[in-house]
There are 2 protein chains.
Amino acid sequence: MILISTRDRIVERADTLFYEGGFEATSFADIAEAVGISRGNFYHHFRTKDDILDAVIDRRLERTRGMLEGWQGEGANPRERILSFINMLIANRTKIMAFGCPVGTLCSELAKLDHAAHARATDILGLFRDWLTAQFRTLGAGDRSEPLALHLLSWSQGVAVMAAAFRDEAFIGNEVAGMEAWLVSLTENSFKTKEH
Amino acid sequence: MILISTRDRIVERADTLFYEGGFEATSFADIAEAVGISRGNFYHHFRTKDDILDAVIDRRLERTRGMLEGWQGEGANPRERILSFINMLIANRTKIMAFGCPVGTLCSELAKLDHAAHARATDILGLFRDWLTAQFRTLGAGDRSEPLALHLLSWSQGVAVMAAAFRDEAFIGNEVAGMEAWLVSLTENSFKTKEH
DNA sequence: GACAATCTAGGTCGTTCGTCCTAGAGATAT
DNA sequence: ATATCTCTAGGACGAACGACCTAGATTGTC
């Protein structure tokens with residue numbers, strides 16, 4: 001039997017609620033009720049709403065690092081590892097169609113709120129950017145590695161926004177197929193001849 | 001001298017505030033103060049917050065239709081008209097880097113809030129989708145017109161999310177250049193040979 | 001077994017929210 | 001001139017918000 005601390009349960013639930021309902025719209029009471037504890041107990045662990053947001057971002061940073069490390073082990077080569085990234089859109093398609101990308105929507109919300117945690121939320125995207133950059137570099141993309149990484153990350157963000165807006169599962173499939181084809185065309189053509 | 005009705009001034013200001021601060025985080029008092037009227041006066045024009053959201057979406061729908069009609073007249077051919085769409089990212093880059101895409105972020109927020117107006121906000125994206133589809137069809141894209149339209153729309157949404165997260169103006173420029181190159185490659189190659 | 005630290009519960013504070021109401025000012029019509 | 005309608009102002013409401021406090025329950029330590 002695994003015992004999970006109250007603090008961790010709070011962060012876990014808050015993470016879900018922030019994702020599914022937004023940071024601003026989620027109240028202390030909502031989280032406390034979801035965890036099944038009193039507000040007083042909640043306040044013992046987190047004194048302000050910003051504190052729990054920080055904890056949620058920390059959790060996401062850590063889980064993202066873990067996921068990227070997992071992909072690093074899974075894929076035999078960079079191309080397969082990048083496919084693991086792309087496959088996120090398929091694996092999480094139901095939630096994405098309902099709530100968008102957890103990271104992208106949080107960054108967008110914090111940008112509008114002019115919230116101090118915006119930069120740290122963006123760091124999560126930064127983890128993906130840097131990991132993808134490393135993959136493209138291993139593929140031989142050289143100086144184009146980071147622009148390619150940003151492009152693929154941006155591509156997935158666009159798909160998430162559109163999927164949440166139109167609730168269109170077929171669209172996700174089309175775009176994922178496009179990403180895979182793009183990846184193949186990159187490895188087959190561009191990196192051998194070094195022109196742009 | 002042009003007289004603008006109080007109602008129109010309210011909708012205009014609310015549109016800006018919803019964009020820059022988010023729908024949920026913007027209060028009646030915020031809008032009333034921005035317009036320079038009392039809350040009572042405000043309430044005379046809009047009884048609920050949903051009413052003003054509807055009015056803001058109506059305004060955006062109408063302005064979007066107007067913009068698309070304008071592009072229709074500007075561009076000599078479909079390719080140039082599509083460039084007008086792409087150029088939005090450059091023209092509005094400062095605001096996009098600060099607040100993202102007005103339509104995409106609104107759709108994302110309303111999705112999380114499970115708000116009834118989500119579908120109508122998505123209709124704004126639908127206007128762009130349909131207009132772009134018509135352009136690609138004129139270009140000879142046939143059945144691929146709508147997927148191509150969705151892809152370009154999605155692309156721009158991704159760029160907006162990333163630009164707002166990283167506050168990276170150079171990234172916008174890179175992606176816009178990529179869009180333009182993609183558009184050229186489409187018209188030069190794919191539509192003549194009908195394969196895939 | 002006594003004591004200290006931590007955890008939990010729930011009440012309370014001041015503020016702000018969306019919403020509603022009344023009253024007066026201004027315009028319009030007969 | 002009187003009555004009617006629209007516009008404007010600002011107070012008031014109950015509810016919910018983030019934040020804080022006190023007190024009892026639990027756990028750990030010596």
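Residue numbering restarts at 1 for every chain, and letters A, B, ... go by the order of the sequence lines. Because only heavy atoms are used, hydrogens play no part in the values below, and waters and symmetry mates are left out as well, while side chains stay in.
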Requested in this report: Determine, for nucleotides 7-18 of chain C in 5'-to-3' order, which nucleotides have protein heavy atoms under 4.0 Å from the base (write B), from only the sugar-phosphate (write S), or from neither (write -).
Outcome: BBBBBB----SS
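Rounded to whole angstrom, the span from the CG atom of B:D8 across to the C1' atom of D:dC7 amounts to 15 Å. Between the CD1 atom of A:I31 and the P atom of D:dC17 there is a distance of 11 Å, given to the nearest Å. Between A:I52 atom CD1 and D:dA19 atom C1' there is a gap of 14 Å when expressed in whole angstrom units. Between the P atom of C:dT6 and the CZ atom of A:F46 lies a distance of 16 Å, rounded to the nearest Å. Atoms CD1 (B:I10) and C1' (D:dA9) sit 13 Å apart, rounded to a whole Å.
Side-chain atoms of B:E74 do not come within 3.5 Å of backbone N or O of B:S84 as any donor-acceptor pair.
Judged purely by distance below 3.5 Å, without hydrogens or angles, the side chains of A:H151 and B:N174 never pair a donor atom with an acceptor atom. With 3.5 Å as the limit, one finds a donor-acceptor pair spanning the side chains of A:D30 and A:S27.
Remark: aromatic rings of A:F28 and A:F42 are close, center separation under 6.0 Å.
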Report task. Test side chain to side chain donor-acceptor pair (under 3.5 Å) on A:Q135 and A:E80 and set out the steps. Result -> CA-CA 10 Å; A:Q135 307 310 316; A:E80 284 185 17; over 6 Å; no
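Summarising the geometry, atom CG belonging to B:D58 is positioned 9.5 Å from atom CG belonging to B:L53; distances are rounded to the nearest 0.5 Å.
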